Amino acid sequence: MKTLIKNGLVVNATGTGMADVLIDGETIAAVVAPGSTLLGFNLESNVDVVIDVTGRYVIPGGVDAHTHMEMPFGGTNASDTFETGTRAAAWGGTTSIVDFVVQYPGENPLERYNAWQAKAAGNCAIDYGFHQILSDVQDSSLTAMDELIEEGVSSFKLFMAYKGVFLSDDGQILKAMQKGASNGALMMMHAENGSVIDVLVSQAIAAGNTSPYHHGLTRPWQAEEEATHRAIMLANLTGAPLYVVHVSAKQAVDQIAMARDNGQNVFGETCPQYLYLSLEEQLGASSDEWGTFEGAKWVCSTPLRSRAEGHQHHMWQALRTNDIQMVSTDHCPFCMKGQKDMGLADFSKIPNGIGSVEHRMDLMYQGVVDGHITLPRWVELTSTTPARMFGMYGKKGVIQPGADGDVVVYDPKGHTSIGVQKTHHMNMDYSAWEGYEIDGHVDTVISRGKVVVDNNQYVGTKGDGKYFKRGLSQYLI
Ligand code: URP
Ligand code: ZN
Ligand code: ZN
Ligand code: ZN
């Protein structure tokens, strides 16, 4: 099957240019000047399908490097399965995800990896890879890191919070980082000071401050800045490359920027929720001074930050200046009914997470419209850098010959209204993005040469998505 996408403005991280894109089978075969022939070969009359995309952008499919499909967490399971979550991702122009295998204490990382493969295999709409969460750093886990790299799992997430669930102490973190420094793995960090947070949470609950708003108040920016700094110092000590996930505090951004200025291999990821949403909005316009349970919709960790303190503004700036390198969703969806409502009487029982996998490309495109970032930077933050960071670049993250035919046709004159009754394919009974209006539209999504979303219809099949065996990060020398 040969498809010619003609007359579009091709947008790569390196810039834009009018071009025709030829996909042969699963692979991009040629990117040529509009209407040109290849060695006298007329492209248009020799392909099976011609898609005229005049006036629209042709971008590499989005790469969301931080998702949690059907993850057991907070006493329940994240509500999107690999099937529903990857289909929603496709709807929104994302053609690859990197999800997290979880090792809980006492578990064998390789067994968990196999269990996650069994959950995903044959169910995904788009390609998927895995990182591994390590919650039990002991010798066998360190050995498993080498074996997992052979399987294409080249990045490992550690936690400085969530005692008894995920938390590693500094000594364990040091050991895992020493391993990463020697085998080339990228070490990922959930950087929040869990001991401090646990005390603040207990004190809040004891004082009767139980509403969701207190989730944010008990996870202050100081706890994020301190942990980010500590992670950077441990990485510095060991020589491991460090990738800080879901950065929300401007002070944490500055720690990352400072380490980078000192020449350290430190990278930062943020998420749409830390650019658009705030603690003030989580509190809402309620007459209750601590807000209503509505705020549970936006309970995630790190938490939403205060707009008055300027975190969101600082984060947009950091994306522009490359102090922060990429945007993932940390897609970890839960329904209000039966899941988030477990914390009605106690915010600490609300499962932490927000679902956004469907909306990342649109929300970040709005950043272009609003003048925060350029068009190539949009592609860089959402596709090219995630692909390079996690060893997928060349196949993913770029429109060029030899790349996978993962192509999105994006309409800058189109419009997308977000809400549960509108654009909503995630398995959630609410949208964290209800009422958001986007000045653009995902028109066509092609995954390895196959059209999976077209003209507001899903036309793919469960199982189209295949496991992507990742290499080492292409950001490291
Ligand atoms: O609230 C969040 N972020 N839930 C998912 C787990 C994590 O820490 O990434
Ligand atoms: Zn985390
Ligand atoms: Zn996460
Ligand atoms: Zn459209």
Side-chain angles (χ1 to χ4, degrees), residues 64-80 85 89 97-104 116 128-135 155-168 173 186-194 197-198 201 212 214-216 218-219 223-224 227-228 230-231 242-249 252 267-275 277 279 282 295-305 326-336 339-340 342-343 347-357 360 386 389-390 426 428 432:
D64 191 342
H66 189 152
T67 67
H68 302 280
M69 304 305 174
E70 55 191 283
M71 177 172 73
F73 186 49
T76 180
N77 286 312
S79 58
D80 265 318
I97 60 163
V98 189
D99 203 87
F100 286 83
V101 175
V102 184
Q103 175 211 27
Y104 289 106
W116 253 255
Y128 58 97
F130 288 119
H131 315 281
Q132 175 94 32
I133 287 173
L134 294 178
S135 304
S155 39
F156 298 84
K157 184 179 177 191
L158 301 163
F159 284 75
M160 294 173 135
Y162 295 115
K163 193 174 179 180
V165 185
F166 292 132
L167 178 88
S168 291
I173 290 170
L186 183 57
M187 305 309 293
M188 309 171 78
M189 188 61 75
H190 180 123
E192 286 189 296
N193 185 319
I197 288 167
D198 289 348
V201 168
H214 294 275
H215 172 79
T218 54
R219 303 184 93 92
E224 186 182 346
T228 304
R230 187 158 30 106
L242 174 68
Y243 176 96
V244 185
V245 296
H246 48 54
V247 177
S248 62
F267 309 99
E269 156 203 278
T270 194
C271 313
Q273 52 269 34
Y274 307 124
L275 294 160
L277 306 173
L279 190 59
Q282 185 171 29
K297 291 177 177 172
W298 303 282
V299 164
C300 58
S301 298
T302 60
L304 302 186
R305 299 287 175 201
M326 51 180 273
V327 177
S328 312
T329 54
D330 192 7
H331 178 76
C332 192
F334 297 102
C335 292
M336 284 295 272
Q339 295 196 297
K340 292 270 184 187
M342 293 191 294
F347 70 85
S348 70
K349 305 269 187 322
I350 300 169
N352 287 197
I354 288 184
S356 315
V357 76
R360 183 184 63 124
M389 189 68 71
F390 294 109
M426 299 175 287
M428 300 168 71

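The model shown is predicted, which means the values in this text are computed figures rather than measured ones. When a ligand or atom number is given, it counts from 1 through the structure's own listing order. Along the sequence shown, the residues carry numbers beginning at 1.
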Practice problem: Just need the protein heavy atom nearest to atom 1 (O) of ligand 1, so name the residue and atom and give the distance. | Solution: S301 N, 2.8 Å
Practice problem: Verify, without hydrogens or angle tests, whether K340 (side chain) and P351 (backbone) share a donor-acceptor contact under 3.5 angstrom. | Solution: yes
Practice problem: Report yes or no: does a heavy atom of F166 sit under 4.0 Å from some atom of ligand 1? | Solution: no
Exercise. Could you tell me whether a side-chain N or O of S356 sits under 3.5 Å from a main-chain N or O of H331, the two making a donor and an acceptor?
Key: no
Quiz item: Atoms of ligand 1 less than 4.0 Å from K157 heavy atoms?
Solution: 7 (C), 8 (O), 9 (O)
Quiz prompt | Polar side-chain atom of E224 near backbone of A252 as donor-acceptor pair, under 3.5 Å | solution = no
Self-check item: Protein heavy-atom partner closest to atom 8 (O) of ligand 1 - residue, atom, separation in Å
Solution: H190 ND1, 3.0 Å
Practice problem: Starting at CG of L277, measure out to OG of S248 and round the result to the nearest 0.5 Å. | Solution: 11.5 Å
Exercise. List the closest protein heavy-atom neighbour of atom 4 (N) of ligand 1: residue, atom name, distance to the nearest 0.1 Å.
Key: N352 O, 3.0 Å
Quiz item: Considering only heavy atoms of F159, which atoms of ligand 1 have at least one such atom less than 4.0 Å away?
Solution: 8 (O)
Quiz item: What atoms of ligand 1 come within less than 4.0 Å of a heavy atom belonging to H68?
Solution: 5 (C), 6 (C), 7 (C), 9 (O)
Quiz item: In Å and rounded to the nearest 0.5 Å, what is the OH to CG distance from Y162 to D198?
Solution: 10.5 Å
Practice problem: Between C332 and ligand 1, find which residue part has any heavy-atom pair under 4.0 Å and reply side chain, backbone, both or neither. | Solution: side chain
Practice problem: Please identify which atoms of ligand 1 are closer than 4.0 Å to at least one heavy atom of C300. | Solution: 1 (O)
Quiz item: What pair of heavy atoms forms the shortest contact from V247 to T302, and how long is it?
Solution: C-OG1, 4.5 Å
Quiz prompt | Distance flag, aromatic centroids of F73 and F100, threshold under 6.0 Å | solution = no
Practice problem: First locate atom CH2 of W116, then atom NE2 of H131, and finally report the distance between them rounded to the nearest 0.5 Å. | Solution: 13.5 Å
Quiz item: By salt bridge (Lys or Arg N to Asp or Glu O under 4.0 Å), which residues pair with K297, not counting sequence neighbours?
Solution: E294
Quiz prompt | Between H246 and S301: side-chain donor-acceptor atoms closer than 3.5 Å | solution = no
Quiz item: For ligand 1, which atoms sit closer than 4.0 Å to a heavy atom of D330?
Solution: 2 (C), 3 (N), 5 (C), 9 (O)
Exercise. Anything protein N/O/S under 2.8 Å from the Zn ion (ligand 2)? Just list residue and atom, please.
Key: K157 NZ, H190 ND1, H246 NE2
Self-check item: Check: D80 side chain, P333 main-chain N or O, donor-acceptor pair, under 3.5 Å
Solution: no
Quiz item: How open is the angle at the Zn ion (ligand 3) from atom NE2 of H66 over to atom NE2 of H68, rounded to 10 degrees?
Solution: 100°
